[in-house]
Chemist: 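Below is the structure I would like to discuss, written out as structure tokens.
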2 protein chains.
Amino acid sequence: MSTIKDVANEANVSVATVSRVLNNNGYVNEDTRKKVLKAIEKLDYKPNAVARSLFKKQSKTIALIVPDIKNPFFPEIARAIEDVLNNNDYTLILCNSDEHEDKEKKYFDVMKQKYVDGVIIVTSTLTPNYIEKNNIPIVSLDRPIHQSIPSVSVNNYEGAKEAVQYLKKIGCKKIAHVRGPVSVINADERYKGYLSEVCNEPWFNKDYIINGNYNVLETAKATMVLLSKHRDIDGIFAGNDYMALGVLKAATQMGIRIPQDLSLIGFDGIQLCELTSPEITTMAQPIYELGESAAKLLLDMIEGKAVNPAQQEFKVSLKIGQSTKVLR
Amino acid sequence: MSTIKDVANEANVSVATVSRVLNNNGYVNEDTRKKVLKAIEKLDYKPNAVARSLFKKQSKTIALIVPDIKNPFFPEIARAIEDVLNNNDYTLILCNSDEHEDKEKKYFDVMKQKYVDGVIIVTSTLTPNYIEKNNIPIVSLDRPIHQSIPSVSVNNYEGAKEAVQYLKKIGCKKIAHVRGPVSVINADERYKGYLSEVCNEPWFNKDYIINGNYNVLETAKATMVLLSKHRDIDGIFAGNDYMALGVLKAATQMGIRIPQDLSLIGFDGIQLCELTSPEITTMAQPIYELGESAAKLLLDMIEGKAVNPAQQEFKVSLKIGQSTKVLR
DNA sequence: TTCTTGTGTGTAACCGGTTACATGTTTTTT
DNA sequence: AAAAAACATGTAACCGGTTACACACAAGAA
């Protein structure tokens, strides 16, 4: 690999001049510029990003910290983010936290040591205090942390209400909820949305709420217990699509027909919804847009641009599949 | 952030001494070491990874280039790799190539500029020549490129044969194949494996081979055409699980019962297989192990260790689900 | 006692860029 | 014509580490 010095020698100028044409700043005579460009071409010179980072204290790299990339929601997000970064000459570092605070913090340390320019994080454990102490541009995605931390998310509460309302509208009389882990903010919000819609119903029963913990098999098991105990449940609102998959599995296994016997609605709108049969009705987040916005927001922050609404909330929209009774 | 100089000042020693205790090399008096350690503690000093990189010409970072992280096979691989790296103080950069040579090459350039220590790549387009020219430790994953390039993969040909053999064993009389994209080496191998098992069968018909292009919806469509034309097909070997999902969808939509009317077997063993109903029978790759091995192999290469079998081939194993008729 | 050898530490060069500053030349302004 | 502004380029410090080399001293060998 040739260095800036090699180029300088080849072009018979100083390294400063080469640097100037490289970065397009300062005065450079047109002829000199051409000479340098030719030398760069000839040596196939590529500036050393590390040396540049050291001086500039920035690495053109951002980190994405998610609980687990195997959860199908996150690859979709990651893809959107990577696309934006790629178009802006940034690079993406991927981190799996397993919702584990220690791991998150360890990643943060590494990020700072590597001059990572910013981070996009999906977390339920980190405090605003810790984050601000670290003093690195950050965007929380999917799960807002605090008003002081820029975030990109959706209206989980309203969305959950809409989901339950839709189940009611198509005629469901007893609606259960498979909720995500306690203390995950959006799982809580969705749960609250469900609750607000059903708590005053005469049929409402606290046993209709089960915990799926973002795990398909666990959800399937819990659902089987639920459905065999309460045979009159005719609607289920799953806290996300991944868990809805578990409900679908449980129902199929038990010979409960979806949507004839049981209507199922999920949340998220991951691609998988369209690939199952029946296709899962869901409250769809604009997932790609979410990732895109988070990335753009972060890049703006890094480049010191004003970020108008630092708390971006997108709307979810009902995406009717085949897992809910047809309205007539 | 404090620097090595701050620590040196605090401890009243030179930066060289601090560096020595940091890296545990050279002579350092025990008392001095303690002084330095205390200063490090007091200042919460973390060495600057970029400065270190510049001198050492290595970044403790490796890149993973996959076609598209949204394909559920890759997050599982990525997760395994990230785990290994994390345990070895390496960081993972994620790149989506979309099978596009230009993008792959662009990533390579960036990697070299950032002193990325090695790359794990899933590619069908890069030539051994180009790769060797780049002179950066590399492991090809899932799709071997050439004997000269270390790789981690499975016995696709044999696996495909086994899959078809199993379909025969359970009594399938007419077996179709949904193949992956032409020129993807493992899709070709699986296709050949299928062919070798069926080409001499009296019933064999070239029309039984359709192309799913790693796309679920496309596969579903093509499968519907296939199945409505050839109503006597009673077994399908899908080139991977993701496409098997498409077959499942098509069959369900057409009212064809799986496994009663049609047996379906996939390839890969992604987690999704267990989450559908019926669960998909598949020739399972040891996915996590694959990623793990690729990462370990690459780290060994980076650290200059001899890599015994630089071409690692794992075995796939039949994982019986519910999408194939029960053998009795 | 003198010569090695081992221990302990500091100085400064180096990694490969960027940029403040100095210097000289040309062009524009007054 | 003199002063100011714009242009062009080079020198060297700097980013924050690592390490070759020099030097001083103590312990062991001859």
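Letters go in sequence order (proteins before strands), and every chain restarts at 1.
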Chemist: For B:Thr17, is there any backbone N or O sitting under 3.5 Å from a side-chain donor or acceptor partner on B:Ser19?
Modeler: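 Judged by distance alone, no pair lies under 3.5 Å.
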
Chemist: Rounded to the nearest 0.5 Å, what's the gap from CD on B:Gln311 to OG on B:Ser140? Could you check?
Modeler: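 It comes to 7.0 Å.
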
Chemist: More than 12 non-hydrogen atoms from neighbouring residues, nucleotides or ligands closer than 6.0 Å to CD on B:Glu30, yes or no?
Modeler: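 It does: B:Glu30 CD has more than 12 such atoms within range.
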
Chemist: Please determine, by modelled atom types, if A:Thr123 and A:Thr125 share a side-chain donor-acceptor pair under 3.5 angstrom.
Modeler: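 Their side chains do contain a donor-acceptor pair, which is all the 3.5 Å distance test asks for.
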
Chemist: What's the angle between the local helix axes at either end of the helix from C:dT1-D:dA30 to C:dT30-D:dA1, using five pairs per end and rounding to 10 degrees?
Modeler: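 For the helix from C:dT1-D:dA30 to C:dT30-D:dA1, the axes at either end differ by 40°.
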
Chemist: Give the C-alpha distance, both sets of side-chain angles, the deciding distance and a yes or no for side chain to side chain contact (heavy atoms under 4.5 Å, CB included) between A:Asn186 and A:Asp142.
Modeler: CA-CA 8 Å; A:Asn186 52 19; A:Asp142 187 46; 3.1 Å; yes

Chemist: Side chains of B:Leu92 and B:Asn86, heavy atoms from C-beta outward: is any pair under 4.5 Å?
Modeler: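 No. Closest side-chain heavy atoms not under 4.5 Å.
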
Chemist: Does B:Tyr130 offer a backbone N or O that forms a donor-acceptor pair with the side chain of B:Asn134 under 3.5 Å?
Modeler: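 Present.
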
Chemist: Looking only at heavy atoms, which two atoms of B:Leu297 and B:Pro150 are closest? And how far apart?
Modeler: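 Reported closest heavy-atom pair: CD2-CB, 4.2 Å.
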
Chemist: How close or far is atom P of D:dA5 from atom OH of A:Tyr27, stated in whole angstroms?
Modeler: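 These atoms are roughly 12 Å apart.
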
Chemist: Can you check whether A:Phe74 reaches A:Val122 side chain to side chain, under 4.5 Å on heavy atoms?
Modeler: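 Yes, their side chains come closer than 4.5 Å.
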
Chemist: Any residue in residues 47-56 of chain B with a heavy atom nearer than 4.0 angstrom to DNA chain C? Just list them by number, or reply none.
Modeler: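 Going residue by residue through residues 47-56 of chain B, the ones with a heavy atom under 4.0 Å of DNA chain C turn out to be B:Leu54, B:Phe55.
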
Chemist: Quick one: A:Asn25 CG to D:dT9 P, roughly how many Å, whole number?
Modeler: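 Whole-Å distance recorded here is 14 Å.
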
Chemist: Expected output is a numbered-order residue list: members of residues 108-118 of chain B with a heavy atom under 4.0 Å from any atom of DNA chain D. What is it?
Modeler: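 By residue number: none to list.
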
Chemist: Taking only heavy atoms on the protein side, list every residue of residues 5-12 of chain A lying under 4.0 Å from any atom of DNA chain C, sorted numerically.
Modeler: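 Those residues: none at all.
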
Chemist: Do the charged groups of A:Asp31 and A:Arg33 touch, with an N to O distance under 4.0 Å?
Modeler: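 The answer is no: the pair does not qualify as a salt bridge.
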
Chemist: Give the residues of residues 32-41 of chain B touching DNA chain C, defined as any heavy atom closer than 4.0 Å, sorted by residue number.
Modeler: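 Contacting residues: B:Thr32.
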
Chemist: As a quick check of understanding, evaluate salt bridge (Lys or Arg N to Asp or Glu O under 4.0 Å) for B:Glu99 and B:Arg143, giving each step before the final call.
Modeler: CA-CA 12 Å; B:Glu99 312 264 12; B:Arg143 309 175 188 173; 3.0 Å; yes

Chemist: Decide side-chain hydrogen bond (donor to acceptor under 3.5 Å, both in side chains) for A:Tyr115 and B:Asn48; before the verdict, give the C-alpha distance in whole Å, the side-chain angles of both, and the deciding distance to 0.1 Å.
Modeler: CA-CA 8 Å; A:Tyr115 282 154; B:Asn48 181 317; 2.8 Å; yes

Chemist: Go through B:Thr61 and B:Lys114 one step at a time and tell me if the side-chain hydrogen bond (donor to acceptor under 3.5 Å, both in side chains) criterion holds.
Modeler: CA-CA 9 Å; B:Thr61 300; B:Lys114 293 199 173 181; over 6 Å; no

Chemist: Run B:Ile287 and B:Phe73 through side chain to side chain contact (heavy atoms under 4.5 Å, CB included) and show every step you take.
Modeler: CA-CA 8 Å; B:Ile287 303 186; B:Phe73 179 73; 3.8 Å; yes

Chemist: Check this for me, if you would: do B:Asp117 and B:Lys60 make a salt bridge, where the nitrogen-to-carboxylate-oxygen distance has to be below 4.0 angstrom?
Modeler: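 Salt bridge flag = no for B:Lys60 with B:Asp117.
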
Chemist: Determine the contact category for B:Ser19: base if any of its heavy atoms lies under 4.0 Å from a base atom, sugar-phosphate if only primed atoms, P, OP1 or OP2 are that close, otherwise nothing.
Modeler: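 Base, at least one base heavy atom under 4.0 Å.
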
Chemist: Shoot me the first and last contacting nucleotide of DNA chain C against chain B, ordered 5' to 3', at under 4.0 angstrom to non-hydrogen atoms.
Modeler: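 The contacted stretch runs from C:dG6 to C:dG16.
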
Chemist: I'd like to know if A:Asp68 pairs up with B:Arg79 as an ion pair, taking the criterion as any Lys NZ or Arg NE/NH1/NH2 lying under 4.0 Å from an Asp or Glu carboxylate oxygen.
Modeler: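 Result for this pair is yes, salt bridge flagged.
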
Chemist: Between B:Asn29 and B:Lys57, which residue's closest nucleotide on DNA chain C lies nearer the 5′ terminus?
Modeler: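 Closer to the 5' end of DNA chain C: B:Asn29.
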
Chemist: Do B:Leu126 and B:Phe108 touch side chain to side chain, with heavy atoms closer than 4.5 Å?
Modeler: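 Yes - at least one pair of side-chain heavy atoms lies under 4.5 Å apart.
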
Chemist: Nearest heavy atom decides the nucleotide; on that basis, is B:Ser2 or B:Arg20 closer to the 5' end of DNA chain D?
Modeler: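 Here B:Ser2 is the residue nearer the 5' end.
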
Chemist: Can you check whether A:Thr3's main-chain N or O pairs, donor with acceptor, with A:Asp6's side chain at less than 3.5 Å?
Modeler: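 Flag set: sc A:Asp6 to bb A:Thr3 pair under 3.5 Å.
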
